[in-house]
Amino acid sequence: SVLGQCIDIYHRDPSHQKRLLEDPSSMPFETAVQIDGMRWMFRAMPVYGSDGEHIGTAMEITDDTERISYSREVDGVIAAIERGELGHRASLEGISEEFQPMLQSINSILEFITAPTRTSTDFVRRIAQGEVPEQLHHDWQGDFKLLGDGVNALIVSFEQIVHIVEESADGILAIDVQNRSERDTVMRSMRRMIDDLNAALLQVNQGSSDIAANGSQVSDSARSVAENATRAAASIEQMSSSMEVLAAQTQQNAASALE
């Protein structure tokens with residue numbers, strides 16, 4: 001039994017504690033003692049008289065077991081947050097009623113933080129996968145409102161890009177693409193793509209016109225050649241008839257000469 005015993009029975013070297021308590025310059029000090037799973041805090045403070053002389057030492061002994069359990073849960077929450085595990089919550093099991101409300105408040109704060117974070121993360125993930133979700137409806141305040149508004153601005157921006165791509169795919173190239181900021185490389189690239197498509201289309205149209213014009217010239221040339229060929233054939237036929245007449249006359253003259 002410890003009832004009626006001196007506290008020195010818990011000290012390995014009681015003279016050490018005695019010297020500390022007799023020396024006011026070493027105080028205040030505190031130390032912890034573990035006893036059968038319990039944690040006791042010993043705090044010593046010097047006491048001075050009205051004349052400023054050291055007249056004794058005030059000693060405070062408290063059961064710190066519940067506070068340590070509470071601190072352990074808080075430390076666990078902080079460590080989880082540092083690891084990015086926002087789903088971790090402090091456990092109330094084995095915590096005294098004195099400290100439970102504080103742990104509940106910590107858990108509630110985490111809920112306020114994680115709900116907007118998770119929702120925004122889900123929307124960003126959907127956009128990254130090519131989906132165009134509806135805008136985020138929220139009643140967040142402060143920095144959380146900035147987060148929600150930022151997600152909605154991203155959705156609107158992605159909708160504009162999708163609209164430009166769809167219009168281009170449908171052959172509608174008269175699109176006014178405006179930069180959203182000085183560093184808007186996306187819209188600048190989209191505008192260059194639209195300009196290049198328009199230039200390529202103009203070249204195709206010009207090439208088609210040139211082909212059509214050249215085709216007309218070829219047709220006229222072919223017709224002229226055909227007409228010349230027809231006239232040449234007629235001339236050849238006429239020359240052939242004249243030669244036949246000349247041959248007949250020559251034969252006739254030869255016959256007359258023989259007579």
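- Under the 3.5 Å distance criterion, the side-chain polar atoms of Glu66 are matched with a main-chain donor or acceptor of Ser96.
- For Arg125, the CZ atom is densely surrounded, since the number of other residues' heavy atoms within 6.0 Å is greater than 12.
- Rounded to the nearest 0.5 angstrom, Glu111 CD and Leu86 CG are separated by 10.5 Å.
- Between the Glu60 side chain and the Ala44 main chain, no donor and acceptor come within less than 3.5 Å of each other.
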For Trp40 and Asp64: C-alpha separation, side-chain torsions, deciding distance, then whether side-chain contact (heavy atoms from CB on, under 4.5 Å) applies. CA-CA 5 Å; Trp40 296 87; Asp64 216 31; over 6 Å; no
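- For Glu134, the CD atom counts as loosely surrounded, since its 6.0 Å shell holds 12 or fewer non-hydrogen atoms of other residues, nucleotides or ligands.
- Asp13 CG: more than 12 foreign heavy atoms inside a 6.0 Å radius.
- A salt bridge is absent between Asp195 and Arg192; no separation between the charged side-chain nitrogens and carboxylate oxygens falls under 4.0 Å.
- Note on Ile106: it clusters hydrophobically with Met102, by side-chain heavy-atom contacts below 4.5 Å among ILVMFWY residues.
- In this structure, the side chain of Gln141 engages the main chain of Asp139 through a donor-acceptor pair within 3.5 Å.
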Set out, in order, the CA-CA distance, both residues' side-chain angles and the distance that settles side-chain contact (heavy atoms from CB on, under 4.5 Å) for Thr117 and Thr119, then state yes or no. CA-CA 6 Å; Thr117 303; Thr119 300; over 6 Å; no
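- Cluster annotation: Val156 and Val165 are assigned to distinct hydrophobic clusters (Ile/Leu/Val/Met/Phe/Trp/Tyr, side-chain heavy-atom contacts under 4.5 Å, transitive).
- What you find for Ser91 and Glu73 is that their closest heavy atoms are N-OE1, 2.9 Å.
- A donor-acceptor contact shorter than 3.5 Å links the side chain of Asn152 to the backbone of Leu136.
- Atom-to-atom distance recorded for Thr114:OG1 and Ile109:CD1 is 11.5 Å, nearest 0.5 angstrom.
- Note: the hydrophobic cluster containing Val77 does not contain Ile113 (ILVMFWY, side chain heavy atoms under 4.5 Å, direct or indirect links).
- Linking ILVMFWY residues whenever their side-chain heavy atoms come closer than 4.5 Å, directly or via other members, leaves Ile161 and Val124 in distinct clusters.
- For the atom pair CZ of Arg43 and OG1 of Thr62, the computed distance is 4.0 Å after rounding to the nearest 0.5 Å.
- The environment of CZ in Phe112 is sparse: at most 12 heavy-atom neighbours from other residues, nucleotides or ligands sit within 6.0 Å.
- The minimum heavy-atom distance linking Ile127 with Pro133 is given by the pair CG1-CD, 3.8 Å.
- Other residues, nucleotides and ligands place no more than 12 heavy atoms under 6.0 Å from the CD atom of Glu97.
- Taking CD from Glu93 and CG from Leu103, the interatomic distance works out to 12.5 Å, rounded to the nearest 0.5 Å.
- Pairing each heavy atom of Tyr48 with each of Gly52, the nearest pair is CD2-O, 3.4 Å.
- Of the charged side-chain nitrogens involved, none lies within less than 4.0 Å of a carboxylate oxygen, so that Glu98 and Arg67 do not count as a salt-bridged pair.
- Considering every non-hydrogen atom in both Arg188 and Glu182, the closest pair reads NH1-O, 3.6 Å.
- Both Trp140 and Ile155 sit in one connected hydrophobic cluster of ILVMFWY residues. Membership requires side-chain heavy atoms under 4.5 Å apart, directly or through other members.
- Note on Arg72 versus Asp75: no salt bridge recorded, every NZ/NE/NH1/NH2 to OD/OE distance being 4.0 Å or above.
- Heavy atoms only, all atoms of each residue included: Leu110 and His88 are closest at CD1-O, 3.4 Å.
- For the atom pair His54 NE2 and Asp23 CG, the distance stands at 8.5 Å (nearest 0.5 Å).
- The existence of a salt bridge linking Asp149 and Lys145 is confirmed by a sub-4.0 Å separation between a basic side-chain nitrogen and an acidic carboxylate oxygen.
- The OG atom of Ser108 sits 9.0 Å away from the CZ atom of Arg89 when rounded to the nearest 0.5 Å.
- Taking both residues in full, the closest heavy atoms of Tyr70 and Phe99 are given as CG-CD2, 3.6 Å, listed atom of the first, atom of the second, then distance.
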